[in-house]
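Below is one structure; the comments refer to it alone.
In what follows, every heavy atom counts, from backbone to side chain, and hydrogens, waters and symmetry copies are set aside. Numbered from 1 within each chain, the chains take letters A, B, ... in sequence-line order.
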Protein chains: 2
Amino acid sequence: MANMFLLPYGQDPANLRDLNQPLIDHSEGQLFLNEAFKIIMEEVLCKGTDAKQKVCEWKEPEELALLLDLELRATGEPQQRLLQRVKDVAKYSIKTCHPHFFNQQFAGLDYHALAGRFLTEALNTNLFTYEVAPVFILMETEVLRGLRQLVGWTEGDGIFCPGGSASNMYAMNLARYRLFPEVKSQGLWGLPRLTIFTSPESHYSVKKGAAFLGMGTDNVVLVKVDDGGHMILEDLDEKIKLAKSQGAVPFFVSCTSGTTVQGAFDPLDRIAGVCEKHKLWMHVDAAWGGSVLFSKQHRHLMKGVDRADSVSWNPHKMLMAGLQCSALLLRDTTNLLKKCHSANATYLFQQDKFYDVNLDVGDKSVQCSRKVDCLKLWLMWKAVGSIGLAERVDKAFILVRYLVEQMKKREGFLLLREPEFVNVCFWFIPPSMRGKEENADYQERLAKVAPVIKERMMKQGTMMVGYQPLGNKVNFFRMVVFSPLVCQKDMDFFLDEIEKLGNDL
Amino acid sequence: MANMFLLPYGQDPANLRDLNQPLIDHSEGQLFLNEAFKIIMEEVLCKGTDAKQKVCEWKEPEELALLLDLELRATGEPQQRLLQRVKDVAKYSIKTCHPHFFNQQFAGLDYHALAGRFLTEALNTNLFTYEVAPVFILMETEVLRGLRQLVGWTEGDGIFCPGGSASNMYAMNLARYRLFPEVKSQGLWGLPRLTIFTSPESHYSVKKGAAFLGMGTDNVVLVKVDDGGHMILEDLDEKIKLAKSQGAVPFFVSCTSGTTVQGAFDPLDRIAGVCEKHKLWMHVDAAWGGSVLFSKQHRHLMKGVDRADSVSWNPHKMLMAGLQCSALLLRDTTNLLKKCHSANATYLFQQDKFYDVNLDVGDKSVQCSRKVDCLKLWLMWKAVGSIGLAERVDKAFILVRYLVEQMKKREGFLLLREPEFVNVCFWFIPPSMRGKEENADYQERLAKVAPVIKERMMKQGTMMVGYQPLGNKVNFFRMVVFSPLVCQKDMDFFLDEIEKLGNDL
């Protein structure tokens, strides 16, 4: 043990033939894990959450590859070098828990959830049968029940999927199976052309899903939206009728609660009326916005969600459960999920087990190996309660209001529109461009502002925020504010920094 | 801080309006995480790997639900109670790292991989762009390159997927896209009926995938196997011809390297000939068996794999990288993966970035949020080298040979056949049944032996091993031996224990 930090591991050929010796030494391994944990605590959780430290340590890919020495070799390395590698990976990775990381919807950090994630990893449980996952089979059921209750359903079904795109695909597959159960055995060939309806501001996974499931992106009909990004009812109704008149079979409407860019909430209650009229499966992609259901004050944004057939909701976004944590919730009580997906493999789902085999929910999934994604959310929920989670949602809205007020007090910040959610979309107009909106090259110049500011902030490492065009609107920033680690001074910092980085443009 | 372990967290409404205060206290959170880490170390990694402790603490579901107090409530809980919850989850979960867990292919534990998993969780990186995942974009490329090299490809493509089923589905989708690129936009309706060929002993994900992708389980043609579970070439060739004669378009053969139950390796080199002749996509589902490629001595089992178009390989199985770690490897050099799956979302994959946007590989996936699954494998590989990983594979084969020899020396252990891999399939014949093979109820009685022994071992918590029927063979045990934590005495224990649990039957 004395020199374990110098010797490469596992290079003793005598070990191989000696059947009395396992190939892994527990005390050595645990010592390593302890040291690695300390590094994680220091480099990621302490430095990474410190506003005075950098969000990112930008390196060009070629340089970074050299620094990391990624090559995989024949022989192992000494423990001390491996610990340095842990440190390097931490150093050059983006600190998504940093208070100035506003780039995407996985910012922030929750320590209880993280403890649940470490425990999940250590237990290495495969969530398919009660036999191997007794705790998590019961826990997943309870967490899904809790989420369904917020949707407004006292019964139903559900499953955790590897991300919101997968959840959306599950919903599509269930919808077509409910309408045409023979699709499972015969495929789409005998069926009429099926069409899906969604808004152009919905997540791209609707199109990816249509392609993956064999229905094709052309069969995703885009319904017009208003300026705020909300699906227009009349257009939905008309396009459904048009599709029918062309011989297609409309079967699925994917509404969005919290669109990716603008954070818009489709009018669920009214869409439900259209879906009921035409007997279509109503799906709500609430991957991003679903968490408003915790808030008494803001849950009205999803009024009517209880009339949907399915809801995707990613607690790894606004609730900070950690990647990946995506629930598909179903109103169905006819065991559709299992009927649609099951393969009844006898090696795994034996029917002559000594316990109730209905607990073996793995066959509801199209995965076989399935990670445990419920523990982190459960532990966090236990820690702060529904009230604590609601507070986080409410506080995010309050912070956004503060940010927007400050923007209005400053010159050069132009909102796309008043935020409906916690996405704040805005252009920064550098002083040299102010008042020159009529110039012919104004939009072209404006489009170049955000990318330059983004490059500068990345290279200085001070913060991260995303930008994109949308329809005929040129590049603008999309700030997302939801991490309970941020506060007023981070909002002020954000605005100061944008000015600092963009004032000379 | 003094009473943090008594007060429920986040219940102070004053916090909500005070924009100067973040809602999470770092020192409190880090203290909790430290304590949780100690519990994980003690309860999971120390006790859980101790042969003298139980593998499982069996409870009936109703009792377990009470013990765990799963309900999610409005208010949070004190830290001390939450730590007790961490302990309880650990206590009642199956110890998959225990030396007597032989139930499935995710047994064992690697400390370096686990350190990588903790780091992955702490960093909470979404693997889609170089911007947010600089380290992991480069690392995934390198790990995929390393795996491809073992397959025998100096170039190609690949991606980590959420499990082997997803990897197999990706392969199917790519194969049909290569043949009919219009499927992405138009769906399957305009295409002839597509058929898939695989063996009845292949993994059930081939059928699940065919259903999910809209092709239907009826279009999965099962090719006959010999007694050992290997696909019979002549039958494959005939069935392809038959499908063609019926107007279908064969496009995909899914071979298996390491079948789930018997551990059989399909004869890849010869199947490649058939695929080339008929111009079909050859996929190798090596989720379980792929790791033999590390071993000079055993890689011959996959001879011809370099002639395949795609390979699924789960390092979370035999290499113990931890759930989930599943690679899809491709021989393709035409960027098929991106062409087939991309949606070109402008909010994420902006084309006016300041770095080479070819690094933004996220659009190759049908997921949007995608977990980092490469770090754990990379760190473990760095730690023990390819030689160390090869040793683990070799040692597993040696241990299996030892186990089989011991079985032959004892009465009552009847092998289905000599193991080809590290799956040992056998019946235990209790003394009362020995020599009575001719009795009319023999098979019926034998079928009941494994379930009873299984129930007893679970309830006593001494070990775990799976059983299943296969074709006309009644319930038999399938032992899998591959964890580097086990050694000879665990094999002896296993045999003693089966006898102890089953001798009175």
Side-chain angles (χ1 to χ4, degrees), chain A residues 10 19 22-24 29 33 36 40 44 70 72 74-76 92-94 96 111 115 117 121-124 132 135 142 146 162-163 165 184-188 204 208 211-212 214-218 343 345-347 352 354 366-369 381 384-388 451 455 468 484-485 487-488, chain B residues 10 19 22-24 29 33 36 40 44 70 72 74-76 92-94 96 111 115 117 121-124 132 135 142 146 162-163 165 184-188 204 208 211-212 214-218 343 345-347 352 354 366-369 381 384-388 451 455 468 484-485 487-488:
Chain A
L19 294 187
L23 274 175
I24 284 181
L33 192 62
I40 292 169
V44 183
L70 291 164
L72 297 161
T75 52
Y92 296 111
S93 287
I94 304 297
T96 64
Y111 290 97
R117 294 156 76 187
E121 296 299 318
L123 287 168
N124 202 40
V132 293
V135 172
E142 192 57 34
S165 300
K184 184 177 175 182
S185 57
Q186 297 169 18
L188 290 164
Y204 65 72
K208 282 205 179 190
F212 198 63
M215 296 182 288
T217 52
D218 288 354
T346 48
Y347 80 91
D352 52 5
F354 65 97
V366 300
Q367 299 183 278
C368 176
S369 294
W381 199 331
V384 304
S386 309
I387 295 175
E455 176 173 359
Q468 65 285 299
L485 302 179
C487 54
Q488 188 174 314
Chain B
L19 295 187
L23 274 175
I24 284 181
L33 192 62
I40 291 169
V44 184
L70 291 165
L72 298 161
T75 52
Y92 296 111
S93 287
I94 304 299
T96 63
Y111 290 97
R117 293 157 76 187
E121 295 299 317
L123 287 168
N124 201 40
V132 293
V135 172
E142 192 59 32
S165 300
K184 184 177 176 180
S185 57
Q186 298 169 20
L188 290 164
Y204 66 74
K208 283 206 178 189
F212 198 64
M215 296 182 288
T217 53
D218 288 354
T346 49
Y347 80 90
D352 53 5
F354 65 96
V366 300
Q367 300 182 276
C368 176
S369 293
W381 200 331
V384 303
S386 311
I387 294 175
E455 176 173 0
Q468 65 284 301
L485 302 179
C487 54
Q488 186 175 317

Holding to salt bridge (charged side-chain N to carboxylate O under 4.0 Å, His left out), I want the full list of residues that pass it with Lys184(B), two or more places apart in sequence or in another chain. none
When Arg117(B), Gln468(B), Met215(B) are compared by non-hydrogen pairs under 4.5 Å with chain A, the top option: Arg117(B)
Here the pair of heavy atoms bringing Ser165(B) nearest to Gln367(A) is OG-C, 3.8 Å
CD1/Ile24(A) to CG/Leu485(B) distance, rounded to the nearest 0.5 angstrom? 5.0 Å
Proximal component of Ile40(A), with respect to chain B [non-hydrogen, under 4.5 Å]: side chain
For chain B, which candidate among Pro484(A), Cys368(A), Ser185(A) shows the most heavy-atom pairs at distances under 4.5 Å? Ser185(A)
Identify the two heavy atoms, one from Tyr111(A) and one from Leu33(B), that lie closest to each other, and give their separation to 0.1 Å. O-CD1, 4.0 Å
Which region of Ala36(A), side chain (C-beta onward) or backbone (N, CA, C, O), has a non-hydrogen atom less than 4.5 Å from a non-hydrogen atom of chain B, or is it both or neither? side chain
Can any side-chain N or O of Ser369(A) pair as donor or acceptor with the backbone N or O of Gly163(B) at less than 3.5 Å? no
Selection from Ala115(B), Ser386(B), Ala343(B) maximising heavy-atom pairs under 4.5 Å formed with chain A: Ser386(B)
What residue in Pro451(A), Ala345(A), Ala122(A) has the most heavy-atom pairs under 4.5 Å with chain B? Ala122(A)
Heavy-atom closest pair (Asp218(A) atom, Gln186(B) atom, distance to 0.1 Å) is OD2-CG, 3.9 Å
Identify which of Thr96(B), Asn124(B), Val44(B), Thr217(B) forms the greatest number of heavy-atom pairs closer than 4.5 Å to chain A. Asn124(B)
Looking only at heavy atoms, the pair that brings Leu123(A) and Ile94(B) closest together is CD2-O, 4.3 Å
Tell me every residue that passes side chain to side chain contact (heavy atoms under 4.5 Å, CB included) with Thr346(B), counting only those two or more places apart in sequence or in another chain. Pro469(A)
Please work out whether the ring planes of Phe212(A) and Phe212(B) are parallel, tilted or perpendicular, with thresholds of 30° and 60°. perpendicular
